[in-house]
Amino acid sequence: MKAWQFTEVGAPLALHEIPEPEPQPGEIVIEVRAAGLCHSDVGFLDGTLTSLLPFHPITLGHEIAGVVATTGAGVTRFAVGDRVAVPAAIEGPGTSSNGGFERKVAVHERLVIPLPEGIAWDQAAAATDAGLTSYHAVIVQGGVGPGSKVGVIGLGGLGSLGAQIALGVGAEVYVAEKNVKVHDFALELGATAVGTRITEFADAGLDVIVDFAGFGTTTDEAVRTVRRDGRVVLVGLGVAEGSINLQALTLNQVHLIGSQAGTLEDCAAVLELIAAGKVASRITRIGFDEIGEGIGRLERGEVIGRLVAVYDA
């Protein structure tokens, strides 16, 4: 079968012919129906995240949804024909083993969750990374619930999902996004207000601010804007280091919390929200043969929302 593989830092993805996988004990082989493209994949190619990869060439693609094709010895949770999703994980496919940029992928069953009926393949794939990461930041780390006033900084692929998740559980959402072209989109989602900086909502009494941008200045402004005893959750890593106003952090007793990825349970919760019609990724669909160019589009910043490769059945 064909596979889009990382070969070396600085080189584009290479399309190789590799053998179809056979399931080892405890594994299932998934016939991939959709695989999301992620900025982490760009990080593997440019050297930023290459140290995470245990070998090369390796097939990338850590956002996977599909159908169980075969099962290995000892598999008890899944059967051939089951619809499944693979929440993104360091120990999972596309990072520690061959990933979803191939037609069939072998995965240990403990890393897989059932996919409810009625969810489109592209939405399911996007939920496995952006969805679970946003949910973990907003609900688990942010503690957002009905009636919460939530600030969302950055309305990209993660931020737009974070805003929808907050709205889906009954929160009031205020969006800060420097790209004014997506302000109308924020209002269409149901945001109470939208501006270019979170400081515009200093009088709103925000309980939680989730920074999906992470440019240092955005986190500092969040600390200075959130209400006393409020929470600031940092997800984005636009820069590796930044400065914050320690006086504002201390005198206002702000809880500053980091958030990274999520759990199988987080992904399952997002899928339930998608099935209920409360959450949907803004997706650009491409075909399998377009994955190499798709990574280039991500690298050049040409993608709004999520880019997902959808494979023919």
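Because the structure is a prediction, the values reported are computed rather than measured.
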Is it true that [X] and [Y] make a salt bridge, defined as a side-chain N closer than 4.0 Å to a carboxylate O?
| X | Y | answer |
| --- | --- | --- |
| R33 | E31 | yes |
| R300 | E293 | yes |
| E272 | K278 | no |
| R231 | D207 | no |

Do E20 and R103 pass the salt bridge (charged side-chain N to carboxylate O under 4.0 Å, His left out) test, and can you show the C-alpha distance, the side-chain angles, and the key distance before you say yes or no?
CA-CA 8 Å; E20 290 191 3; R103 298 289 181 169; over 6 Å; no

Take S134 and F212 through the side-chain contact (heavy atoms from CB on, under 4.5 Å) test and state the conclusion after the steps.
CA-CA 9 Å; S134 300; F212 289 101; 4.0 Å; yes

Is the CD atom of E22 crowded by more than 12 outside heavy atoms at less than 6.0 Å?
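No, the 6.0 Å shell around CD holds no more than 12 heavy atoms from other groups.
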
Do [X] side-chain atoms and [Y] backbone N/O form a donor-acceptor pair below 3.5 Å?
| X | Y | result |
| --- | --- | --- |
| H183 | E177 | yes |
| W4 | F288 | yes |
| Q164 | S160 | yes |
| T128 | A125 | yes |
| T95 | E91 | no |
| R77 | E109 | yes |
| R306 | G156 | no |
| S40 | G43 | no |

List the steps and the verdict of side-chain contact (heavy atoms from CB on, under 4.5 Å) for D229 and N252.
CA-CA 6 Å; D229 293 313; N252 288 324; over 6 Å; no

Hydrophobic cluster membership, [X] vs [Y], 4.5 Å side-chain cutoff:
| X | Y | answer |
| --- | --- | --- |
| Y135 | L271 | yes |
| F78 | V32 | yes |
| L37 | L13 | yes |
| V208 | V173 | yes |
| I113 | V270 | yes |

Any chance you could measure [X], atom [atom1], to [Y], atom [atom2], to the nearest 0.5 Å?
| X | Y | atom1 | atom2 | result |
| --- | --- | --- | --- | --- |
| I244 | T218 | CD1 | OG1 | 11.5 Å |
| Q123 | L115 | CD | CG | 11.0 Å |
| T284 | E302 | OG1 | CD | 11.0 Å |
| I209 | I198 | CD1 | CD1 | 4.5 Å |
| L256 | T219 | CG | OG1 | 7.5 Å |
| I64 | F101 | CD1 | CZ | 8.5 Å |

Between [X] and [Y], what is the shortest heavy-atom contact and its length?
| X | Y | result |
| --- | --- | --- |
| E102 | K104 | OE2-O, 2.8 Å |
| D41 | G61 | OD1-N, 3.9 Å |
| G94 | L60 | O-CD2, 3.8 Å |
| S148 | G143 | OG-O, 4.5 Å |
| V235 | A137 | CG2-CB, 3.4 Å |

Side chains of [X] and [Y]: closer than 4.5 Å at any heavy-atom pair?
| X | Y | answer |
| --- | --- | --- |
| V29 | V68 | no |
| L158 | T133 | yes |
| I28 | V112 | yes |
| P21 | M1 | yes |
| I58 | P54 | yes |
| V75 | E27 | no |
| R297 | V303 | yes |
| E172 | V150 | no |

Keeping to residues at least two apart or across chains, list the salt bridge (Lys or Arg N to Asp or Glu O under 4.0 Å) pairs with something in residues 209-223.
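Checked against salt bridge (Lys or Arg N to Asp or Glu O under 4.0 Å) - neighbours excluded - the pairs reaching residues 209-223 are R197-E221, D220-R224.
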
Report the C-alpha separation of T196 and E200 in whole Å, then their side-chain angles, then the decisive distance to 0.1 Å, and conclude whether the side chain to side chain donor-acceptor pair (under 3.5 Å) test is met.
CA-CA 8 Å; T196 56; E200 296 175 40; 3.0 Å; yes

Scan L161, V182, L155 and name whichever one has a side chain to side chain contact (heavy atoms under 4.5 Å, CB included) with R282.
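Going through the options one by one, the only one that passes is V182.
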
Can you check whether F6 and F44 have ring centres sitting under 6.0 Å from each other?
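That pair fails the under 6.0 Å test.
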
Applying side chain to side chain donor-acceptor pair (under 3.5 Å), can you list everything that pairs with Q5, at least two apart in sequence or on another chain?
H16, T59

Distance-only donor-acceptor hits, side chain of residues 79-90, under 3.5 Å, sequence neighbours excluded:
residue	atom	partner	partner atom	Å
D82	OD2	A79	N	2.8
R83	NH2	P116	O	3.2
R83	NH2	I119	O	2.8

One pair to check against side-chain contact (heavy atoms from CB on, under 4.5 Å): H136 and Q141. What are the steps and the verdict?
CA-CA 6 Å; H136 188 76; Q141 300 293 73; 3.8 Å; yes

After noting the C-alpha distance and the side-chain angles of V107 and I30, does the key distance pass the side-chain contact (heavy atoms from CB on, under 4.5 Å) rule?
CA-CA 7 Å; V107 190; I30 299 171; 4.0 Å; yes

Does the Lys NZ or Arg CZ of K149 fall within the cation-pi geometry relative to F201 - under 6.0 Å from the ring centre and within 45° of the axis?
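No - K149 does not lie over the ring of F201 by the 6.0 Å and 45° rule.
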
